[in-house]
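A note on names: the letters A, B, ... follow the listed sequences, proteins ahead of strands, and every chain is numbered from 1. Just so you know, these numbers use all the heavy atoms, side chains as well, and skip hydrogens, waters and symmetry mates.
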Amino acid sequence: MQLELGSIYRMPDAYDQEGGVNQEKRFAAAVQRYKDSAVGDKMNPFAEQEAWEEHQIGKATLKFGSKNKKQAVDDYQYVFEDGIDFIKESVMDGVQVERHKTFFSLDSYICCGCYLLNAVLILDVYSSSMKMHWMARLLKMLLQNLHFKRFKYDVFNNFRLANFSIAYDDRKTLPIYPYREELLQAVNDHQVLVIVGETGSGKTTQIPQYLHEAGYTKHGKVGCTQPRRVAAMSVAARVSQEMGVKLGHEVGYSIRFEDCTSEKTILKYMTDGMLLREFLGEPDLASYSVVMVDEAHERTLSTDILFGLVKDISRFRKDLKLLISSATLDAEKFSDYFDSAPIFKIPGRRFPVDIHFTKAPEADYIDAAIVTVLQIHVTQPPGDILVFLTGQEEIETVDEILKHRTRGLGTKIAELIICPIYANLPTELQAKIFEPTPEGARKVVLATNIAETSLTIDGIKYVVDPGFCKIKSYNPRTGMESLQINPISKASAMQRAGRSGRTGPGKCFRLYTAYNYHHDLEDNTVPEIQRTNLANVVLTLKSLGIHDLVNFDFMDPPPSEAILKALELLFALSALNSKGELTMVGRRMAEFPLDPMLSKMIVASDKYKCSDEIISIAAMLSVGNSIFYRPKDKQVHADNARLNFHTGNVGDHIALLNVYNSWKETNFSTQWCYENYIQVRSMKRARDIRDQLEGLLERVEIEITASPNDLDAVKKAITSGFFHHSARLQKTGAYKTVKNPQTVYIHPSSGLAQVLPRWVIYHELVLTAKEYMRQVIELKPDWLVEIAPHYYKLKDVEDTGSKKMPRGQGRAAMD
DNA sequence: GAGCACTGC
């Protein structure tokens, strides 16, 4: 199909008033090149738009009724014998989509154009007529895609140049713009405002600018929090472009490891956790005139704590304006919490999404998902598919089965490109999902929850939602965490469905019945604060001078048992005194952005002269369990590589230290990581954390000292933080925790899993198939009494059962 | 001898 020049040029939005004539010439040249290229004819960048228009026309004539029903049934004629019967139940309406579709089409066109032609030229043509918003999106898309790396520089240059001339006008086309005056009036009249802004409304980028234009930045900053680092960075970058200032000057962002602000900064985007940290240094947020908590509906731990804090300070700082921005579903809850604050609604931009449920419940959602994918592939028009699964293992299984089944069908069906994506997947493999789908093929993205909020994939038209996800929960009684598969909430289901309506009208296939949806799913996911270990939260609040935690004004209070457990722990770590006040130790601990037990371990390392080793261990532990890479087909090699760091049965903490130090010796070599089955990304993170901790040591006046030949010193420092995570070997080969006795096991991935020392200290308890201790070191029982005499008495650690120990066990390296 | 959703400081 030929590219229709006029179809672009007639669109008023794409037309630049002043530069029109020049633009036209340049554009014509670009298009000529496009036509000259061999591949030019193969693409129809506007297919998507045409399909959409067709759909809209169809909608106008068909409307509802029996005719509509019939079509839905026709759509899903079975191709496979065991096909799944879907019923279209509802349509999630798109909002304000009139002309914006143009730009969706344009950027996918340009994307192809960059790839096949000349990035600079095409962008040059469009740069002054294209909406900033799509420009930013496009840029993101280009940078994310490995194929486009070499265009980075040029695109960026054009992007910048383009901005100066068009920034202001473009802002006027966002859906929020007509509400500008009304919004500013509302902010003026009320101290707290709940803003309901759907995706694409422009609230995150525009509201802080409106406030700045209205003079709110004269006496303080406008701060805007985001739940994720990338969001804070990219939004700040966009706003600085729109305002025509350099990033880090008037507009900046602040995230961990990276403070891109200066004294000039008046619009500051940051992660929610970062604002929480700022509270510690500035408990009344005196330097802010407005705080906007964005994406509040996500209810991250930090957001929830921020709510309590900002609500509190708004009582005595009447000049501080609060904006809470959230998705539609729970706006009233936010309003109630903030003393009936008014709700301000702003429409967004999204295409309509048809929602289909299964007629009958599906017993096996994995199988149902596979069948649905194939059904879509065979019966539905082009468009990529996104399948939500719960974890790596499921993704690998579905990947295999899909490959197997499509191979069986041979050339009868079009090519199906399968792309797995989950957070622990190495970055270079993740990039695959952003590659454009070749003509005639269809892409299936198998994703975890990462695709629900954290990353968006263009071109997704169909979403398959089995209705499950893995959720972490915490049992305060046993101190055990578990990661289990749970049904998702309605809010989550809506979010997943919406993922198909980003670049055109979409369809969502839910692998559960409409009855299940309405009757069995919770409205919202239980907020994190109610299912997590609160030790760190309590320490933070205590260091802010908040003493009465049980009566702290949480929007959804955590279980009081969890608070008491946290208080107990902090007392045992001597971070709190018997009156519940912060001690000197506690004050030092609060400086570290770590779990209190890790912080205590660092503070204690001063005494044992091994702070150098301890901060490496703390950094490695806080990266989590994603250090070692263990692909399915090379498990034996990976396990051997891991055991190399464990010679002498030194314990997992020391093994982690060995990993870090070996990596450091290679001058942080990437190659070394590959050779040893270690995740580069995790190691870099560990290095960043370690650097930060090193800086903080100075702040709490702990000298950096190393005791390379005294592992006992290191283990004693660890014990100082983790003494209540002690366990003793039983006759059966299981362990029993010393306080609050329960039966636990060493995790098979531990270097000590075959050794079974008599006494161990563990880093964490995780409930999976069994109650497992993850990251274990051996311990001399007298240390417990020596290090924590207030917690252990001699009788607790008497080795009464030692003679009955099974032969060959309980004799580890330390004898 | 088993299995690590996702963020954030």
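With B:dC4, B:dC9, B:dA5 as the choices, the nucleotide that has an atom nearest any side-chain atom of A:Arg685 turns out to be B:dC9. Closest contact between the side chain of A:Ile450 and the listed nucleotides B:dT7, B:dC9, B:dA2 involves B:dT7. Each of B:dC4, B:dC9, B:dG1 was ranked by its minimum atom distance to the side chain of A:Asn424; first place goes to B:dC4. Among the nucleotides B:dC9, B:dC6, B:dC4, the one closest to the side chain of A:Lys470 is B:dC4. Taking only side-chain atoms of A:Leu483, from C-beta outward, the nucleotide of B:dA5, B:dG8, B:dC6 with the closest atom is B:dA5.
If you check every strand for non-hydrogen atoms under 4.0 Å, A:Thr271 touches sugar and phosphate atoms only. Residue contacts for A:Thr390: at a heavy-atom cut-off of 4.0 Å it reaches the sugar-phosphate backbone alone, with no base atom in range. No contact: A:Ile689 has no heavy atom under 4.0 Å from any strand. Among the heavy atoms of the strands lying under 4.0 Å from A:Arg256 is at least one base atom, whether or not backbone atoms are also near. A:Phe592 comes within contact range of no nucleotide atom at all, as no heavy-atom separation falls under 4.0 Å. A:Thr448 comes within 4.0 angstrom of sugar-phosphate atoms only, judged by non-hydrogen atoms across all strands, and of no base. At the heavy-atom level, A:Ala423 lies under 4.0 Å from the strands shown only through sugar-phosphate atoms. No contact: A:Asp688 has no heavy atom under 4.0 Å from any strand.
Distances shown here put every side-chain N or O of A:Ser749 at or beyond 4.0 Å from the OP1 or OP2 atom of B:dC4. Within the structure, a side-chain polar atom (N or O) of A:Arg229 is placed less than 4.0 Å from OP1 or OP2 of B:dC9.
Rounded to whole Å, the distance from OH on A:Tyr474 to C1' on B:dC6 is 20 Å.
At a threshold of 4.0 Å, the pair A:Glu481-A:Lys472 counts as salt-bridged, since one of the basic side-chain nitrogens sits closer than that to a carboxylate oxygen. The residues A:Glu278 and A:Lys268 are annotated as salt-bridged, a charged nitrogen and a carboxylate oxygen being separated by less than 4.0 angstrom.
Heavy atoms from other residues, nucleotides or ligands lying under 6.0 Å from CD of A:Glu282 number more than 12.
Among residues two or more places apart in sequence or in another chain, the salt bridge (Lys or Arg N to Asp or Glu O under 4.0 Å) test is passed with A:Arg228 by A:Glu298. Checked against side-chain contact (heavy atoms from CB on, under 4.5 Å), A:His763 has the following partners two or more places apart in sequence or in another chain: A:Leu598, A:Leu621, A:His653, A:Phe722, A:Gln775.
Checking A:Lys472 against A:Ser622, the closest nucleotide of DNA chain B that is more toward the 5' end is the one next to A:Lys472.
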